[in-house]
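What follows is a single structure, written as structure tokens, with notes after it.
These figures come from a predicted structure and were not determined experimentally.
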Amino acid sequence: MALGVKGIKTAFMAALLAGTAFMATPADAAGKLTISSPQDPGSWDPIDTFLVNWASVGTNIFDGLTYRGPDRKLVPGLAESWTEMDGGKRIRFKLRSGVTFHNGEPFNAAAVKFTFDRLLGEEGAKGPQRSNYVAIDSVEVIDDTTVDFKLKAPDPVLLTKLAGYGAMIVPPKYIQEKGDAFFNVNPVGTGPFKFVSYAPKTGIKLEANPNYWGGAPKLSEVEYRFITEPATAVAELQAGRVDVVLPPTIPIGMVPVIQADPKLTVLSIPGPTVDALRFNTKSGITADPRVRKALIMAVDRAAIVKSILAGQASEIASFQGELSFGYDPALKPLPFDPKGAQALLAQAGVKPGAAVQIDIRGNDATMNEVAQAVAAYLGAVGVVATIKPYETNVLLNDIIPQGKTGAMFQQKWGGWTFDYDNTAYAMYHSGEKWNPYEQDADLDKLLESQRAITDVAERERILKQIAHTVADKALEMPLYNSNAIYGVAKRVKNFPPASDNRPKLTEVTVD
């Protein structure tokens with residue numbers, strides 16, 4: 001999802017936002033919640049992004065046909081019910097009646113069709129979400145409250161995908177009249193909170209939607225402040241100017257600081273987010289799989305989890321955590337074996353002093369520490385690693401997709417569907433944005449085949465096979481599955497610490 005701004009819109013957006021005022025207000029205002037988010041997605045259009053920090057806001061502005069809450073159970077959203085037909089190749093949705101968008105425009109079957117025609121059309125092609133929904137062949141309006149999704153092949157994860165990101169329902173008339181660039185920075189949905197104002201790199205303000213179909217929120221206002229520096233975010237939390245700090249902001253080392261403050265609490269729960277250092281498999285020494293395996297074996301990932309992450313994570317063998325469908329407990333990480341690593345490097349003809357560059361997100365304090373530890377481990381086997389931090393949007397929008405990384409680069413992925421397909425297809429299928437280097441026709445076939453299988457056991461078997469294939473090819477150095485860590489002021493009540501960083505704020509109150 002071209003996360004951020006689509007190229008053709010940049011100039012317009014800059015002009016549109018020039019002079020936008022964003023006045024600070026106290027975090028303790030009655031009925032107001034202030035949240036620190038580590039990243040400005042750059043666009044609020046659902047088809048422009050894959051970022052969990054978009055979703056933490058977008059979940060409160062937009063609705064999907066389905067909804068999945070913190071308990072990970074799928075329930076009705078804008079669709080009251082659905083029926084699978086034609087062997088899973090058609091899904092009929094019965095829509096809620098009487099729902100309106102924030103601008104007063106009616107929600108109906110035409111809005112659903114517009115949303116998916118747009119997602120699967122030219123506009124969606126500019127972003128990163130479309131590939132998640134390619135099983136949809138067309139959307140047919142039956143009547144104002146009924147739509148049929150005709151599928152090219154059954155998609156066992158589609159109902160979950162409809163609960164987030166690109167599938168959020170958008171207002172046709174508003175977008176047609178205002179244009180995509182305007183919608184990017186003035187979002188309108190059907191969700192519990194309405195857009196008020198947005199200042200790039202600063203924050204976004206929302207107000208309660210009193211007519212929300214799911215019941216009016218108990219808060220009157222929500223402000224998200226984009227605070228990229230973790231120490232600053234925690235300081236603002238301590239000072240009472242921020243009520244919640246979202247994951248993945250809080251470095252492990254700062255958890256005790258928050259826990260020691262009587263006004264604050266830490267909420268830590270297992271989540272879908274995984275971290276890895278992926279390899280440039282096309283050029284340099286990491287084009288050789290023996291070298292990639294050697295670099296993995298040179299690093300004691302279990303020690304990193306224990307020491308740097310203080311147990312707030314678990315070591316992984318594939319790019320998914322235990323909660324993911326497709327996780328195989330039988331797949332074990334390559335062992336920490338420095339001598340074996342040196343032997344593999346020698347076999348590959350890599351001489352001591354060989355250099356690699358590790359690209360990371362500059363505002364990820366925890367990964368900064370992890371990367372330094374990785375560099376030290378690599379140094380112990382004769383490989384000199386330098387760490388290059390990038391502004392997050394630059395790394396994600398330019399460096400990785402354009403194949404301009406060093407030998408290793410950070411990939412953090414919030415597999416919010418809790419299904420390995422959502423991660424694996426994006427990471428390993430040829431031509432995908434997050435796969436700038438690797439092309440493997442056999443792996444492509446496996447990835448494609450599981451998407452059309454409704455037999456749960458068979459699909460799980462193939463997903464496990466994909467994980468084993470990726471591990472055999474050593475496409476990445478799997479690091480850890482981290483907990484979602486929230487810092488929360490005790491004055492905040494009923495805050496739902498969602499494992500996928502998508503807390504819906506309808507029931508939240510503040511003292």
Side-chain angles (χ1 to χ4, degrees), residues 1 46-47 49-50 52 54-85 88-99 101 107-120 124 129-142 145-151 154-171 189-193 212-215 272 323-325 414-419 421-422 451 454 456 459 496 498-506:
M1 309 165 192
I47 65 176
T49 188
F50 70 96
V52 291
W54 178 93
S56 62
V57 180
T59 294
N60 293 288
I61 298 176
F62 299 98
D63 291 307
L65 294 177
T66 61
Y67 173 69
R68 194 195 64 204
D71 62 1
R72 302 197 304 280
K73 292 180 180 178
L74 199 66
V75 297
L78 288 174
E80 291 182 330
S81 62
W82 51 87
T83 305
E84 295 190 22
M85 307 159 67
K89 294 187 70 174
R90 180 190 294 256
I91 307 176
R92 175 161 292 178
F93 292 93
K94 190 66 179 175
L95 308 178
R96 294 184 187 276
S97 57
V99 176
F101 289 97
F107 161 74
N108 52 28
V112 176
K113 179 174 174 55
F114 173 85
T115 295
F116 287 92
D117 286 351
R118 181 173 181 263
L119 169 62
L120 297 170
Q129 277 295 344
R130 189 165 117 174
S131 66
N132 283 324
Y133 303 93
V134 291
I136 301 170
D137 186 46
S138 63
V139 175
E140 178 183 343
V141 174
I142 305 302
T145 59
T146 311
V147 292
D148 278 6
F149 278 47
K150 295 181 179 179
L151 308 184
D155 182 345
V157 196
L158 181 60
L159 289 171
T160 299
K161 294 174 185 173
L162 295 180
Y165 293 93
M168 299 288 94
I169 307 301
V170 298
T190 61
F193 290 89
Y212 183 53
W213 60 266
L323 299 177
S324 167
F325 181 77
W416 73 277
T417 61
F418 291 92
D419 190 293
D421 165 80
N422 179 250
R451 285 193 158 184
T454 54
V456 174
R459 184 168 170 271
S499 57
D500 58 3
N501 202 3
R502 301 172 65 221
K504 201 165 189 176
L505 304 174
T506 47

- Those residues that, when tested against R72, pass side-chain hydrogen bond (donor to acceptor under 3.5 Å, both in side chains) (two or more places apart): none
- Item | CA sep, side-chain torsions, deciding dist, call: L158, E84, side chain to side chain contact (heavy atoms under 4.5 Å, CB included) | CA-CA 12 Å; L158 181 60; E84 295 190 22; over 6 Å; no
- Applying side-chain hydrogen bond (donor to acceptor under 3.5 Å, both in side chains), name anything that partners K113, two or more places apart in sequence or on another chain. D117
- Message: Please enumerate all residues that pass side-chain contact (heavy atoms from CB on, under 4.5 Å) together with N108, with sequence neighbours excluded.
- Response: P106, A110, A111
- Task: Would you name the heavy atoms of D419 and S324 that are closest together and state the gap between them?
- Result: C-OG, 3.9 Å
- Among all residues two or more places apart in sequence or in another chain, which pass the side-chain contact (heavy atoms from CB on, under 4.5 Å) test with T115? I169, V170
- Message: The criterion is salt bridge (Lys or Arg N to Asp or Glu O under 4.0 Å); which residues satisfy it with D500, sequence neighbours excluded?
- Response: R68, R502
- Task: For P272 and G415, work out which heavy atoms get closest and say how close.
- Result: CB-O, 3.3 Å
- Task: Applying ring pair (Phe, Tyr, Trp, His ring centres under 6.0 Å), name anything that partners Y67, two or more places apart in sequence or on another chain.
- Result: none
- Query: For the atom pair CG (L162) and OH (Y133), what is the distance rounded to the nearest 0.5 Å?
  - Reply: 6.5 Å
- Determine, stepwise, if the pair E140 / V147 fulfils side chain to side chain contact (heavy atoms under 4.5 Å, CB included). CA-CA 6 Å; E140 178 183 343; V147 292; over 6 Å; no
- Reported OG-to-CG distance for the pair S499 and D71, which is rounded to 0.5 angstrom: 9.5 Å
- Message: To the nearest 0.5 Å, what is the distance between CG on L151 and NZ on K89?
- Response: 8.5 Å
- Task: With sequence neighbours excluded, tell me which residues meet side-chain hydrogen bond (donor to acceptor under 3.5 Å, both in side chains) with S131.
- Result: E432
- Residues which pass salt bridge (Lys or Arg N to Asp or Glu O under 4.0 Å) with R96, listed by chain and number, not counting sequence neighbours: none
- For K161 and W416 the tightest heavy-atom approach is O-CH2, 3.8 Å
- Message: Rounded at 0.5 Å granularity, tell me how far CG in L95 sits from CZ in F107.
- Response: 4.5 Å
- So how far is it from I136 CD1 to L120 CG, rounded to the nearest 0.5 Å? 5.5 Å
- Message: Holding to side-chain contact (heavy atoms from CB on, under 4.5 Å), I want the full list of residues that pass it with P156, two or more places apart in sequence or in another chain.
- Response: R459
- Take T66 and W82 through the side chain to side chain contact (heavy atoms under 4.5 Å, CB included) test and state the conclusion after the steps. CA-CA 10 Å; T66 61; W82 51 87; 3.7 Å; yes
- Task: List the atom of P171, the atom of F101, and the distance in Å for their closest heavy-atom pair.
- Result: N-CE2, 3.6 Å
- Using modelled atom types only, decide if a donor and an acceptor are shared between the side chain of T160 and the backbone of T417 within a distance under 3.5 Å. no
- Looking at R90 and D148, what are the two nearest heavy atoms and their distance? NH1-OD2, 2.6 Å
- Task: With rounding to the nearest 0.5 Å, note down the distance linking CG in L78 to OG1 in T190.
- Result: 4.0 Å
- If you take all heavy atoms of P503 and A498, which pair is closest and at what distance? N-CB, 3.8 Å
- Between N422 and F418, is there a donor-acceptor pair closer than 3.5 Å when you use the side chain of the first and the backbone of the second? no
- Message: Using a 3.5 Å distance criterion without hydrogens, assess whether the side chain of D421 forms a donor-acceptor pair with backbone atoms of R451.
- Response: no
- Message: Restricting to side-chain hydrogen bond (donor to acceptor under 3.5 Å, both in side chains), what partner residues turn up for K94, sequence neighbours left out?
- Response: T145, T146
- Could you please spell out the steps behind the side chain to side chain contact (heavy atoms under 4.5 Å, CB included) verdict for Y165 and N132? CA-CA 10 Å; Y165 293 93; N132 283 324; over 6 Å; no
- With A135, which residues qualify under side-chain contact (heavy atoms from CB on, under 4.5 Å), at least two apart? D155
- Quick one: ring pair (Phe, Tyr, Trp, His ring centres under 6.0 Å) partners of F149, sequence neighbours excluded? F93, F116
